[in-house]
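Here the structure is laid out as structure tokens; the discussion comes afterwards.
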2 protein chains.
Amino acid sequence: MERRAKQIAELLKVLANEYRLLILCELNKGPKTVSGLGEKMPNITQSALSQHLALLKAQGILDFSKSGQSVTYSIADHRVEEVMSVLKKHYCDKEN
Amino acid sequence: MERRAKQIAELLKVLANEYRLLILCELNKGPKTVSGLGEKMPNITQSALSQHLALLKAQGILDFSKSGQSVTYSIADHRVEEVMSVLKKHYCDKEN
DNA sequence: TAAGTATATTAGTAATTACTTAAATACTGA
DNA sequence: TCAGTATTTAAGTAATTACTAATATACTTA
């Protein structure tokens, strides 16, 4: 960990945002278009959502494909899924 | 996860720093005094280290005890240990 | 081709972070 | 009590983040 601390901190910075966590939660269930994601997150503007997606994509965490006018995002780096799963387990289950 | 996203993002923000990750790594091996931690992290000033410790303590992640002139820190919230362990597994092991 | 829809990008700004430097507090041993 | 050591706290600042508003791009359909 020692030598990787800086790199891992970078990853965690990307995860450390309410909306980016929600995006990953949704995409964990399966790929979704930008507007599909937007429907699940009514509190964020289209522009802000797009900026969060761009960041996750730039970090290699998400992949995307275009089809017609819509863009579908999916999780590319499956390691984050397991990180999410531990977070869920400890901070979301039942009486936490 | 959805309703907890904000809270989890707060936690991840605290973890998302190179030096705080190193502190947690060291304390994972066992409690250490501030100066003991400082020896393991020669690139940070004593003041900065103390501020990182204060943040981790404020979040309930660390506990501490005073004895004489020195302060010994230890991990209080064992959930973060498992988070660290997943990070280690995926981002530190072998050919990652 | 024009108008509408989906998404991305840009520029500007307020809030937050991480640091440095300096000083404060608390303990110890001569 | 004084000097030294360990640690914390406070103030100031530069860098980073997350947003809004506006505009741009790309596609579709009438």
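Residue numbering restarts at 1 for every chain, and letters A, B, ... go by the order of the sequence lines. Atom set for the values below is all heavy atoms of this structure, side chains included, hydrogens, waters and symmetry mates excluded.
Using a 4.0 Å cut-off, no side-chain N or O of H52(B) falls inside it from OP1 or OP2 of dT17(C). Remark: T45(A) is in phosphate contact with dT20(D), judged by side-chain N or O atoms under 4.0 Å from OP1 or OP2.
Nucleotide dA6(D) holds its P atom 16 Å from the NZ atom of K66(B), rounded to whole Å. Across the protein-nucleic acid pair, M41(A) atom CE and dT7(C) atom P stand 14 Å apart, rounded to whole Å. One atom, CG of L12(B), and another, C1' of dA18(D), lie 17 Å apart when rounded to the nearest Å. Rounding to whole angstrom units, NZ of residue K13(A) and P of dT16(C) are separated by 17 Å. Atom CD1 in I44(A) sits about 16 Å away from atom P in dT17(D), given to the nearest Å. As rounded to whole Å, 15 Å separates atom P of dA10(D) from atom CG of L55(B). Whole-Å rounding puts the R20(B) CZ to dT16(C) C1' distance at 12 Å. Taking atom CG of L49(B) as the reference point, atom C1' of dT5(D) lies 16 Å away to the nearest angstrom.
F64(A) comes within 4.0 angstrom of nothing in the nucleic acid, heavy atoms only. Residue-level contact check: S70(B) touches the backbone only, with heavy atoms under 4.0 Å from sugar-phosphate atoms and none from bases.
Comparing G68(A) and V34(B) by the nucleotide of DNA chain D that holds the closest heavy atom to each, the one mapping nearer the 5' end is V34(B). In this structure, Q69(B) and T33(A) both approach DNA chain C, and ranking their closest nucleotides by distance from the 5' end singles out T33(A). Between N17(A) and Q46(A), the residue whose closest nucleotide on DNA chain D is further toward the 5' end is N17(A).
The side-chain contact (heavy atoms from CB on, under 4.5 Å) with I61(B) is formed by just one residue from the set L27(B), L15(B), L55(B); it is L15(B).
For R79(A) and E82(A), the salt-bridge test fails: no basic side-chain N is under 4.0 Å from an acidic carboxylate O.
With contacts defined as side-chain heavy-atom distances shorter than 4.5 Å, the pair I23(A)/L49(A) qualifies.
Side-chain atoms of S47(A) come within donor-acceptor range of the base of dA21(D), with a qualifying N/O pair under 3.5 Å. At a cut-off of 3.5 angstrom, the base of dT7(D) holds no donor-acceptor pair with the side chain of Q51(B).
Comparing dT8(D), dT20(D), dA6(D) by their nearest atom to the side chain of Y73(B) picks out dT8(D). Counting only heavy atoms from C-beta on, L53(A) has its side chain closest to dA8(C) among dT17(C), dT7(D), dA8(C).
Side-chain atoms of S35(A) do not come within 3.5 Å of backbone N or O of G38(A) as any donor-acceptor pair.
Here the CZ-NE2 distance, from R4(A) to H90(B), works out to 14.0 Å after rounding to the nearest 0.5 Å.
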